[in-house]
Amino acid sequence: DGKIADKNLGEDIPKGYEVYDAKGQYVVPGFIDVHTHGAVNVDVNAARAEDFRRLSRFFASQGTTSWLCSILTDTKEQTLWCIGEYNKQKTLELDGAKLIGIHLEGPFLSANYKGAMPEHLLIPADMDLIKEYQKAAHGDVRYITVSPEIKGIPECIKEFVDLGIVVAIGHSGANYETAMECIENGATSTTHT
């Protein structure tokens, strides 16, 4: 029932391992952060390949064992540059939390709920653009945030899922019917991730 039952756990610990006394503490699995734009003075949209090492070390120090780098809505050129730096970091030895892919926050978001998104970069659904990003990322775009009320989004949900991208609703004022249409389109996809 969510508790470690063996009170003798760890009695036969091999030499060289450090023992932590967790009495009175909680022991939980490592966290997976699917939406982060950076930390320790590193912004994912401006991060060079080597900056991901600093991020990974920091996230590990906070209990995160794996993460997605979240690219904020940006120009096509800058988004492709970010994806390129993500690709370069895969050739480096990263110690710390494992970078497991890319989260795109937009660009298919509502201007009415844009938050920090540059309004002039918010656009209607464009599957050719997402396919270009996914190809550039070698299939590592894992997650995308969209607003269901944006023109073309309900029709694109199945294609996102078929590309291996989990879809989340965000920056949205969609009504129930539109949101449910998107959820149903994702549920009827031939590929589930």
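Sequential numbering from 1 along the given sequence is applied to the chain's residues. This is a predicted model, so every value here is computed, not measured.
Using a 4.5 Å heavy-atom threshold, the side chains of L104 and I165 count as separate. A 4.5 Å side-chain heavy-atom check between F52 and L55 finds at least one atom pair inside the cut-off. The closest side-chain heavy-atom distance from I157 to E181 is not below 4.5 Å. Within the 4.5 Å cutoff, no side-chain heavy atoms of V141 are placed close to those of I130. Taking the side chain as every heavy atom from C-beta outward, V34 and V166 never approach each other to under 4.5 Å. Using a 4.5 Å heavy-atom cutoff, the side chains of N87 and H138 are in contact. Side-chain contact between M127 and F160 is present, with heavy atoms from C-beta onward closer than 4.5 Å. At a threshold of 4.5 Å between non-hydrogen side-chain atoms, the residues L129 and T79 do not count as touching.
Residues passing the salt bridge (Lys or Arg N to Asp or Glu O under 4.0 Å) test with K98: none are found, sequence neighbours excluded. K131 is linked by a salt bridge (Lys or Arg N to Asp or Glu O under 4.0 Å) to E159, counting only residues two or more places apart in sequence or in another chain. Not a single salt bridge (Lys or Arg N to Asp or Glu O under 4.0 Å) links D74 to another residue, sequence neighbours left out. Residues passing the side-chain hydrogen bond (donor to acceptor under 3.5 Å, both in side chains) test with E132 are K76, sequence neighbours excluded. In this view, A174 and P148, E149, S172, T178 satisfy the side chain to side chain contact (heavy atoms under 4.5 Å, CB included) rule, not counting sequence neighbours. Residues satisfying the side-chain hydrogen bond (donor to acceptor under 3.5 Å, both in side chains) test with R48, not counting sequence neighbours, are none. Residues satisfying the salt bridge (Lys or Arg N to Asp or Glu O under 4.0 Å) criterion with K114, sequence neighbours excluded, are absent altogether. The ring-ring contact (aromatic ring centres under 6.0 Å, His included) search around Y133 returns none, not counting sequence neighbours.
Remark: side-chain polar atoms of S147 are not paired, donor with acceptor, to backbone N or O of I150 under 3.5 angstrom. R142 places no side-chain N or O within donor-acceptor distance of the main-chain N or O of L68, the cut-off being under 3.5 Å. With hydrogens and angles disregarded, no donor-acceptor distance shorter than 3.5 Å links the side chain of R54 to the backbone of V42. No side-chain donor-acceptor contact under 3.5 Å links H171 to the backbone of S110.
To the nearest 0.5 Å, atom CD1 of residue I144 and atom OG of residue S70 are 11.5 Å apart. Rounding to the nearest 0.5 angstrom, the gap separating the CG atom in N45 from the SG atom in C69 is 9.5 Å. Atom CE of M180 sits about 12.0 Å away from atom CG of N175, to the nearest 0.5 Å. To the nearest 0.5 Å, atoms SG (C182) and CD (E177) are separated by 12.0 Å. With rounding to the nearest 0.5 Å, the separation of CD in Q134 from CD1 in I83 is 8.5 Å.
Clustering ILVMFWY residues whenever any of their side-chain heavy atoms sit less than 4.5 angstrom apart, transitively, puts Y176 in the very cluster that holds I183. Both V40 and V44 belong to a common hydrophobic cluster when Ile, Leu, Val, Met, Phe, Trp and Tyr are linked at side-chain heavy-atom distances under 4.5 angstrom. Under the 4.5 Å side-chain heavy-atom criterion for Ile, Leu, Val, Met, Phe, Trp and Tyr, Y143 and I100 are members of the same hydrophobic cluster. If you chain together hydrophobic residues whose side chains sit under 4.5 Å apart, I169 and L163 never meet in one group.
D95 approaches R53 most closely through the heavy-atom pair OD1-CG, 3.9 Å. Between A46 and D51, the shortest heavy-atom distance links the atoms O-OD2, 4.2 Å. The two residues F59 and A39 come nearest to each other via the heavy atoms CE2-CB, 4.0 Å.
Within the structure, salt bridge (charged side-chain N to carboxylate O under 4.0 Å, His left out) contacts touching residues 81-94 (residues at least two apart or in different chains) are E85-K88, K90-D140. Residue pairs meeting the side-chain hydrogen bond (donor to acceptor under 3.5 Å, both in side chains) criterion with at least one partner in residues 22-42, sequence neighbours excluded, are H35-H37, H35-E105, H37-E105. Sorted by first and then second residue, the side-chain hydrogen bond (donor to acceptor under 3.5 Å, both in side chains) pairs involving residues 60-69 (not counting sequence neighbours) are S56-W67.
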| message | As a quick check of understanding, evaluate side-chain contact (heavy atoms from CB on, under 4.5 Å) for Y86 and I71, giving each step before the final call. | response | CA-CA 10 Å; Y86 164 85; I71 300 174; over 6 Å; no

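Taking a 4.5 Å side-chain heavy-atom cut-off between Ile, Leu, Val, Met, Phe, Trp and Tyr, the cluster of M117 extends to L72, L109, L122.
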